[in-house]
Amino acid sequence: MTDIYLSVDVGGSQTKIIYQLPALPEPKFLVLPPTVEEIPKTKLDNYMSRLGWIGSPSPEQQLWVEWNERVVVLGDFAACFDPQDRIKELKYENALWKVLGAIGLIIETHKAKFSTKKLLTLELALLLPWNEYTDRLRFEEQLKLMLAHFQVREMVLKLKLVKFLCRPEGGGLAAVRIKQKGLEWLRSKQLGVLMFGHRNTTALYFERGQLKLGDSPLLGFADMLDQVVEMTSGLDRERLAQAIFAARYAALDKVYNPNYPQTRHPNWGECVAIQALARGAESGWGIPKDRGDK
């Protein structure tokens, strides 16, 4: 029997993880920040020695992976090491470290259910952008190599990948529609799928049941944020995104009204979270509107 069943979406906004263990009655999930940063081992050692005993951070707040003399810090912990913006990098390369980190977190969270002295088995499902889908075999080969011997935090682990399933992003939307309509419907139609993500916008085209074309340009939500940041002083991508979602949640009753079939948007100018982004005075330039010099 497989020890860990794991499904990972290495999105640009968050790393979403669903896992199932034979001893658990139902699947569990983890959500981690997407940040990944490789650092020298000495930098990690110096940080931990300076930190000493200060509080008791959870494993996901202090997560790192070691393999082949390389050290990669993940999620919240990466923020302690001045991480670079890697949203434009290939997903499958960073996904290797994220999968290893997720495995370590799962095993540490459920220590009583594992014996790390034996070779553990893994079944993995992974989503990749269409433009990286052809890299799935390379990903699988590299992951098998890394799983043979790696370390997450203080745990040395060995796993065997017994099954690997990779699907292009957006494929799940097509699968839901096919389940609703049936295979005969798919084989008699042309089907287009659009998936708007944080990093990519993915387009898939099916013709008579066959996936004919696909593309995943870097035109996601993050690209829109970057365009706004370039035209505005004093903002960054994370702060702007937080304000947008805070405004959306504050206007839920207006935005998601079942009486209106079309998508509706809040009045952004009236949203407190958006107003808080302004750094100057009421005029927008730190100059009072009424100065007396008409």
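Heavy atoms only: backbone and side chains are in, while hydrogens, waters and symmetry mates are out.
Contact annotation: the side chain of Arg177 approaches that of Trp185 to within less than 4.5 Å [non-hydrogen atoms, C-beta and beyond]. Using a 4.5 Å heavy-atom cutoff, the side chains of Asn94 and Val72 are not in contact. Within the 4.5 Å cutoff, side-chain heavy atoms of Leu147 are placed close to those of Ile103. Residues Leu165 and Leu124 are not in side-chain contact: their nearest non-hydrogen atoms beyond the backbone lie 4.5 Å or more apart. For the pair Leu219/Asn200, no side-chain contact is recorded, criterion being any heavy-atom separation below 4.5 Å from C-beta on. Contact of the Val156 side chain with the His149 side chain is registered, since non-hydrogen atoms from C-beta on lie closer than 4.5 Å. Side chains of Leu277 and Leu240 form a contact here, defined as non-hydrogen atoms less than 4.5 Å apart. Counting heavy atoms from C-beta outward, Val71 and Glu38 have side chains that stay 4.5 Å or more apart.
With rounding to the nearest 0.5 Å, the separation of CD in Glu207 from CG in Leu186 is 11.0 Å. Going from atom CG of Leu96 over to atom CG of Leu126 covers 9.0 Å, rounded to the nearest 0.5 Å. Atom CG of Leu204 is separated from atom CG of Leu194 by 8.5 Å, given to the nearest 0.5 angstrom. Distance check, rounded to the nearest 0.5 Å: CG of Asp223 to CZ of Arg237 gives 9.0 Å. Here the CG atom belonging to Leu120 is positioned 11.5 Å from the CD1 atom belonging to Ile106, to the nearest 0.5 angstrom. To the nearest 0.5 angstrom, Met224 atom CE is 10.0 Å from His198 atom NE2.
For Tyr205, the OH atom counts as densely surrounded, since its 6.0 Å shell holds more than 12 non-hydrogen atoms of other residues, nucleotides or ligands.
Between Glu132 and Arg199 there is a salt bridge, since at least one side-chain N of the basic residue sits less than 4.0 Å from a carboxylate O of the acidic one. Between Lys118 and Asp3 a salt bridge is recorded (basic side-chain N to carboxylate O distance below 4.0 Å). The existence of a salt bridge linking Glu140 and Lys144 is confirmed by a sub-4.0 Å separation between a basic side-chain nitrogen and an acidic carboxylate oxygen.
Both Leu183 and Leu211 belong to a common hydrophobic cluster when Ile, Leu, Val, Met, Phe, Trp and Tyr are linked at side-chain heavy-atom distances under 4.5 angstrom. One hydrophobic cluster, built from ILVMFWY side chains closer than 4.5 Å, cannot hold both Leu173 and Leu127; they sit in different ones. Residues Trp97 and Leu145 fall within the same hydrophobic cluster, defined by Ile, Leu, Val, Met, Phe, Trp and Tyr side chains chained together at heavy-atom separations under 4.5 Å. Criterion: ILVMFWY side-chain heavy atoms under 4.5 Å apart, direct or through other members. Under it, Met48 and Phe81 are part of a common hydrophobic cluster. Linking ILVMFWY side-chain heavy atoms closer than 4.5 Å, directly or via other members, places Val8 and Tyr5 in two distinct hydrophobic clusters.
Contact record, Arg239 with Ala276: NH2-O, 3.5 Å, taken as the closest heavy-atom pair. Of all the heavy atoms in Met146 and Phe150, the pair that sits closest is O-CD2, 3.4 Å. Across Ala247 and Ile274, no two heavy atoms sit closer than the pair CB-CG1, 4.0 Å. Contact between Ala78 and Pro83 at its shortest, heavy atoms only, is O-CD, 3.2 Å. The two residues Thr134 and Asn131 come nearest to each other via the heavy atoms OG1-O, 4.5 Å. In plain terms, the two heavy atoms of Val10 and Lys98 that are nearest each other are CG1-CD, 3.7 Å.
Although no hydrogens or angles enter the test, the distance criterion places no donor-acceptor pair under 3.5 Å between the side chain of Ser216 and the main chain of Pro129. Side-chain N or O atoms of Asp215 include none that pairs as donor or acceptor with a backbone N or O of Ala203 at under 3.5 Å. Side chain of Glu123 to main chain of Ala125: no donor-acceptor pair is present (N/O by atom type, distance under 3.5 Å, no hydrogens or angles). The closest donor-acceptor contact from the side chain of Asp135 to the backbone of Arg138 lies at 3.5 Å or more, if one exists at all. Under a 3.5 Å cut-off, the side chain of Ser49 and the backbone N or O of Asn46 do form a donor-acceptor pair.
For the pair Arg208 and Phe206, the cation-pi test (distance below 6.0 Å, angle within 45°) is failed.
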Trp130 vs Glu169, side chain to side chain contact (heavy atoms under 4.5 Å, CB included): CA-CA, chis, key distance, verdict
CA-CA 7 Å; Trp130 174 257; Glu169 293 177 351; over 6 Å; no
Take Arg136 and Tyr92, measure what side chain to side chain contact (heavy atoms under 4.5 Å, CB included) needs, and give me the verdict at the end.
CA-CA 8 Å; Arg136 62 191 182 279; Tyr92 92 89; over 6 Å; no
Check step by step if side chain to side chain contact (heavy atoms under 4.5 Å, CB included) holds for Cys166 and Phe139.
CA-CA 10 Å; Cys166 186; Phe139 174 91; over 6 Å; no
Derivation of the side chain to side chain donor-acceptor pair (under 3.5 Å) call for Thr2 and Thr121:
CA-CA 5 Å; Thr2 300; Thr121 53; 4.5 Å; no
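Here Phe77 and Tyr47 bring their ring centres to under 6.0 angstrom of each other. The distance between the ring centers of Phe245 and Phe221 falls below 6.0 angstrom.
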Got a list of side-chain donor-acceptor pairs under 3.5 Å for residues 16-35, not counting sequence neighbours?
residue	atom	partner	partner atom	Å
Lys16	NZ	Gln14	O	3.2
Tyr19	OH	His110	NE2	2.8
Gln20	NE2	Leu24	O	3.0

Distance-only criterion, 3.5 Å: show the donor-acceptor pairs between side-chain atoms of residues 59-69 and protein atoms not counting sequence neighbours.
residue	atom	partner	partner atom	Å
Gln61	OE1	Ser58	N	3.1
Gln61	OE1	Ser58	OG	3.1
Trp64	NE1	Glu66	OE2	3.0

